[in-house]
Number of protein chains: 2
Amino acid sequence: MKTDHRSPCPISSFLDLWGDRWTLIIIRDMLVGKRRFSDLEAGNERVPASILANRMKQLTELGVAKRVQYSERPPRYEYHLTDKGKALRPVLIAMSNWSEENLDDRWHTPDWFREGRGAPGRN
Amino acid sequence: MKTDHRSPCPISSFLDLWGDRWTLIIIRDMLVGKRRFSDLEAGNERVPASILANRMKQLTELGVAKRVQYSERPPRYEYHLTDKGKALRPVLIAMSNWSEENLDDRWHTPDWFREGRGAPGRN
DNA sequence: ACAGTAACTTTCAAATTGAAAGTTTGATTC
DNA sequence: GAATCAAACTTTCAATTTGAAAGTTACTGT
């Protein structure tokens with residue numbers, strides 16, 4: 001994915017980084033409390049593994065997630081959101097609001113998500 | 001562009017519709033007050049005409065914009081945002097906030113945009 | 001030895017992007 | 001009245017991106 005900036009506009013710059021169909025879905029799942037590749041892969045929308053790997057690399061390079069080893073042997077890694085990543089939550093909430101008000105039959109966004117927490121038991 | 005829903009989640013549904021690099025830039029320009037194809041095409045980020053035409057059709061089909069004739073001869077059309085389209089402004093403001101807080105050297109979003117207006121003289 | 005698990009990587013056909021040039025409908029200028 | 005201009009698209013096509021499926025690596029557990 002190209003991530004360089006088309007203009008100094010903060011909106012277009014945001015879209016240069018996050019303007020695709022998968023990245024913010026991954027962020028959503030991480031805000032909910034998912035950390036592992038297999039967990040993220042198994043989400044509701046079925047991100048293809050090739051895209052997930054690609055995006056995790058990008059998230060890491062951009063400082064929105066950190067790759068952390070959680071097992072020595074076998075070597076295994078998980079991802080933690082940084083503050084920069086956690087700061088994306090208001091954008092996702094604004095998107096939710098629009099969808100709930102303008103599309104039919106969408107799930108209602110849980111209060112714990114709107115209030116800044118992860119899923120109960122995951123957080 | 002595919003626009004069908006991957007799941008009933010309001011966030012993923014939002015991204016099914018608006019998750020690409022151009023659509024929300026077009027919405028931004030329309031919120032600022034641009035209505036004509038040539039105006040939108042000449043924006044800061046240079047949307048390719050083929051993509052712009054494609055997206056305007058999509059915006060129209062999804063009820064976010066309306067195609068309105070403004071000249072009989074020669075026949076000429078412009079686009080007006082509907083309430084559904086205007087309701088996207090808070091999402092763009094949330095994106096702006098994130099970029100201004102987390103990226104370097106971005107433009108500052110004008111107050112009239114944050115306050116729900118178009119560019120002075122355009123609105 | 002053999003199956004299982006987690007985190008990826010590879011492959012490749014199909015879909016999307018975007019730069020450039022072309023089309024349509026008429027108004028205006030030479 | 002022929003040529004130029006203008007606005008709103010449409011077409012073309014090479015290059016990039018997507019995503020389904022299968023494969024790889026580094027182990028653990030039976």
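What you see is a predicted model; the values in this text were computed from it and never measured. In the text below, chain A, chain B and the rest are named by the order of the sequence lines, each starting its count at 1. Worth knowing before you read on, the calculation uses all heavy atoms, side chains too, and leaves out hydrogens, waters and symmetry mates.
Put simply, CZ on B:Arg35 is 17 Å from C1' on D:dA7, counting in whole angstrom units.
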Identify the pairs formed between an N or O of the protein and an N or O of nucleotides 3-9 of chain C at a distance under 3.5 Å, and give each distance.
from: C:dA6; atom 1: O4'; to: A:Arg76; atom 2: NH1; distance (Å): 2.8
from: C:dA6; atom 1: O3'; to: A:Tyr70; atom 2: OH; distance (Å): 3.1
from: C:dA6; atom 1: N3; to: A:Arg76; atom 2: NH2; distance (Å): 3.1
from: C:dA7; atom 1: OP1; to: A:Tyr70; atom 2: OH; distance (Å): 2.7
from: C:dA7; atom 1: OP1; to: A:Tyr77; atom 2: O; distance (Å): 3.3
from: C:dA7; atom 1: OP2; to: A:Ser38; atom 2: N; distance (Å): 3.0
from: C:dA7; atom 1: OP2; to: A:Ser38; atom 2: OG; distance (Å): 2.9
from: C:dC8; atom 1: OP1; to: A:Arg67; atom 2: NH2; distance (Å): 3.0
from: C:dC8; atom 1: OP2; to: A:Tyr79; atom 2: OH; distance (Å): 2.8

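Proximity of residues 3-19 of chain A to DNA chain C (heavy atom under 4.0 angstrom from any strand atom) is not detected for any residue.
B:Asn54 pairs by the side chain to side chain donor-acceptor pair (under 3.5 Å) definition with nothing, not counting sequence neighbours.
The backbone N or O of A:Ser71 lies less than 3.5 Å from a partner atom in the side chain of A:Gln69, making a donor-acceptor pair.
Figure legend: B:Arg21 and A:Trp18 shown without cation-pi pairing, the cationic atom not lying both under 6.0 angstrom from the six-membered ring centre and within 45 degrees of its axis. At least one test fails for A:Arg35 against the ring of A:Tyr79: distance under 6.0 Å to the centre or angle within 45° of the axis. A cation-pi contact, defined as under 6.0 Å to the ring centre and within 45° of the axis, links B:Arg6 to A:Trp22. Judged by a 6.0 Å distance limit and a 45° cone about the ring axis, A:Arg36 is positioned over the six-membered ring of A:Tyr70.
OP1 and OP2 of C:dG18 both lie 4.0 Å or more from every side-chain N or O belonging to B:Arg55.
Note on A:Asp20 versus A:Arg55: salt bridge recorded, some NZ/NE/NH1/NH2 to OD/OE distance being below 4.0 Å.
A side-chain contact (heavy atoms from CB on, under 4.5 Å) with A:Leu17 holds for exactly one of A:Leu59, A:Val64, A:Asp4, A:Thr3; it is A:Thr3.
Nearest-nucleotide positions on DNA chain D for A:Arg46 and A:Glu72 put A:Arg46 closer to the 5' end.
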